[in-house]
Amino acid sequence: MLVFAISDKGGTGRSVTSSNIVYRRALQGQDVCYLDFDFGSPTVGAIFRVSTASRGTTRGGMHRYLQGEITEPSRIDVWTESDRDTIRAKPAGAGQMVLLPGDQGGGEFATFDAEMLKRCVRLFAKLHEQFDLIMVDLSAGRSFAAHLALAATAQLPKIPARWLVFHRWTRQHIIAANGLVKGEHGLLDVGREYGHDPGALTDRIRFVRTAVLELGSGDFAHLRPAQRSWLNEIDRELRELATRNGVGLTTMLGKVPLDPVLQWREQLISDEDVAGTEIANAETVFAFDDLAKKIVDDTAWEGL
Amino acid sequence: MLIMGEVRTGLLQNSAEIEERDHQTVLGLLAGERVRMSRRPIVYAVSPDLLTGVDCRLPSASNARIRGVGTLVSRATITGGRILQGSSYVRVVRGEVNHRLPWSHYLARPGVVEVLGKVSAPDLAGGFLAFGPPGEQLDLGSVSDRFMDVVQESALLDLRAPFRSDRTRLRWVAETGEPGVHFILGESTGRTLRLTHHGEFSPAVVDLCEDLALHDWLLTALLTIVQRARIGGASRPEVSARLAPAVDTLLHLWMPGARIHPSLAPLWENLERTPGFSRQWQSLVERVRDQLAVNTLALLRETNG
């Protein structure tokens, strides 16, 4: 299955959340890979703590492959090449976890031609042979990479494809997430251009809320009553806004709580980070685990 | 002088075995000619030979700049309606002149690459079998891979293979000499084979390499399925469910040496002694069957209370 991670704005935690979903899916025993399609800023290597690709690779990555300079993009086995000991300790029964990094100094493309599209289609088809889950991290905003992904999936109707739109729980982000899907030059608009049926494509899009504050949780015990009621009021407004914008509960796949570890250092959260050093929250891991299951659970993707 | 080739092997991307009549369409994509088929002891189809012209650097263990010009031969095969292989090889010979000749010269020698300048066979073989980083040198594997991609793109295939699997890469070199064979299993998907045989090179050598690649892939795929099943770690129904694709898809495909020319049969026998492919396969198959039997019995006991 192909999963595309996209967001309208930067700083939504798109890359770190999708990386953690991939990590959880591998721990659940599936073969997974992660493609860095954020050509302008290929930094996913840093999240997986692969120092040879922390700012993209120099050995031939996604950018050079799509341009036809190399016949196969380089692959990094995260279980063996990560610098973090806890990641390198691959548990029994875990699946493959492979990173296909971007190129150092790659840069965004301004457009793409038929040849580049063909290479992209071929790459997706080939990865589908090997991996249960292919996570494609697209850059923020309306990018060329998103166009390429829409054009390629239109040519691969037999490979299941799903889209995750990441947004924070704020007024601006809710409106922007809706615009990214339904607005002018949004996913549905562009998808139609490349031959997608807008109805079918809509069914393949779900939203993921990130850095969410849970009002019921103990974190708010210290708040003054005035602050608490103000937050409750805002939250109610946001929920209404989200529903009006088609970003409400029915189209939401999951949410990730605010976690200091993710705010200060984008990284994979291992079970050791929760149970051992206790730097991360159990709820965060639970949210990633849940998302990793829901991504492939058809009941979460039934037509609305 | 030296023959080198690379075979890539993978699972055909279809939920079921493809029907006999569909082989022509699936493999016929590659050229207008007919696909050759044999039905015993296992359904096997092979595409017509395809030529690819090259003018590029050849691999070299000493990093020498060796230029070769000529054509390489490729073909795609499907075994048991399930396993797809892309295979390419070249015969590397010393050119009579040190400059490039008109293409008609090379086209008259299909599958031959002529070296412009000096070359040593061990240096060439060493460089080729080293699996160096892909660069601007002769890359037989990516040609083989490319033909596999074309087959997998066939509209007849539903892209719902019963399990995920990686393509394996077998690089081989063959020379004339006292018969011998040396197989090395690399760390990830790479394998190498050095082979010496009596007499002149014949395509039977390529058949042998493809047959070896096929059985190595089967073994690799079955090993992966058994490892992932987490026997003893996961619940019995889960283990059975994870082993099922092996029974449905793989177990009946094991037929080492089925299409090998009798003159090369002793080389297969060598490989059966070390590393002992069939021995390992047999023990894995028994393990799978025993697990399924034990799990079924346990399930029956539970339902009968």
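Only this structure's heavy atoms are used, side chains among them; waters, hydrogens and symmetry mates stay out.
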Please list, one pair per line, the donor and acceptor atoms closer than 3.5 Å that link side chains of residues 113-136 of chain A to other protein atoms, with sequence neighbours excluded.
unit_1: A:Asp113; atom_1: OD1; unit_2: A:Glu115; atom_2: N; d: 3.3
unit_1: A:Asp113; atom_1: OD1; unit_2: A:Met116; atom_2: N; d: 2.8
unit_1: A:Arg119; atom_1: NH1; unit_2: A:Leu66; atom_2: O; d: 2.5
unit_1: A:Arg122; atom_1: NE; unit_2: B:Glu153; atom_2: OE2; d: 2.8
unit_1: A:Arg122; atom_1: NH2; unit_2: B:Glu153; atom_2: OE1; d: 3.2
unit_1: A:Arg122; atom_1: NH2; unit_2: B:Glu153; atom_2: OE2; d: 3.0
unit_1: A:Lys126; atom_1: NZ; unit_2: B:Asp145; atom_2: OD2; d: 2.4
unit_1: A:Lys126; atom_1: NZ; unit_2: B:Asp149; atom_2: OD2; d: 3.2
unit_1: A:His128; atom_1: NE2; unit_2: B:Leu159; atom_2: O; d: 3.0
unit_1: A:Glu129; atom_1: OE1; unit_2: B:Gln152; atom_2: NE2; d: 3.4
unit_1: A:Glu129; atom_1: OE1; unit_2: B:Arg167; atom_2: NE; d: 3.4
unit_1: A:Glu129; atom_1: OE1; unit_2: B:Arg167; atom_2: NH2; d: 2.6
unit_1: A:Glu129; atom_1: OE2; unit_2: B:Arg167; atom_2: NE; d: 2.9
unit_1: A:Gln130; atom_1: OE1; unit_2: A:Arg75; atom_2: NH1; d: 2.6
unit_1: A:Gln130; atom_1: OE1; unit_2: A:Arg75; atom_2: NH2; d: 3.4
unit_1: A:Gln130; atom_1: NE2; unit_2: A:Gln96; atom_2: OE1; d: 3.3
unit_1: A:Gln130; atom_1: NE2; unit_2: B:Asp166; atom_2: OD1; d: 3.3
unit_1: A:Gln130; atom_1: NE2; unit_2: B:Asp166; atom_2: OD2; d: 2.9
unit_1: A:Asp132; atom_1: OD2; unit_2: A:Asp31; atom_2: N; d: 2.8

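- Remark: the A:Thr86 side chain and the A:Glu272 side chain contain no N/O donor-acceptor pair separated by less than 3.5 Å.
- Applying the salt bridge (Lys or Arg N to Asp or Glu O under 4.0 Å) test to B:Glu238 and every residue at least two apart in sequence or in another chain returns B:Arg242.
- The most heavy-atom pairs under 4.5 Å with chain A, out of B:Ser142, B:Ala161, B:Ser188, come from B:Ser142.
- Scanning for ring-ring contact (aromatic ring centres under 6.0 Å, His included) contacts around B:Phe128 gives an empty result, with sequence neighbours left out.
- Between B:Trp217 and B:Phe163, the ring planes lie parallel to each other; the angle is under 30°, not in the 30° to 60° tilted range.
- Listed in order of number, the residues of residues 220-233 of chain B that approach chain A to under 4.5 Å between heavy atoms are B:Arg228, B:Arg230.
- Counting heavy atoms of neighbouring residues, nucleotides and ligands inside a 6.0 Å radius, atom CZ of A:Arg84 exceeds 12 of them.
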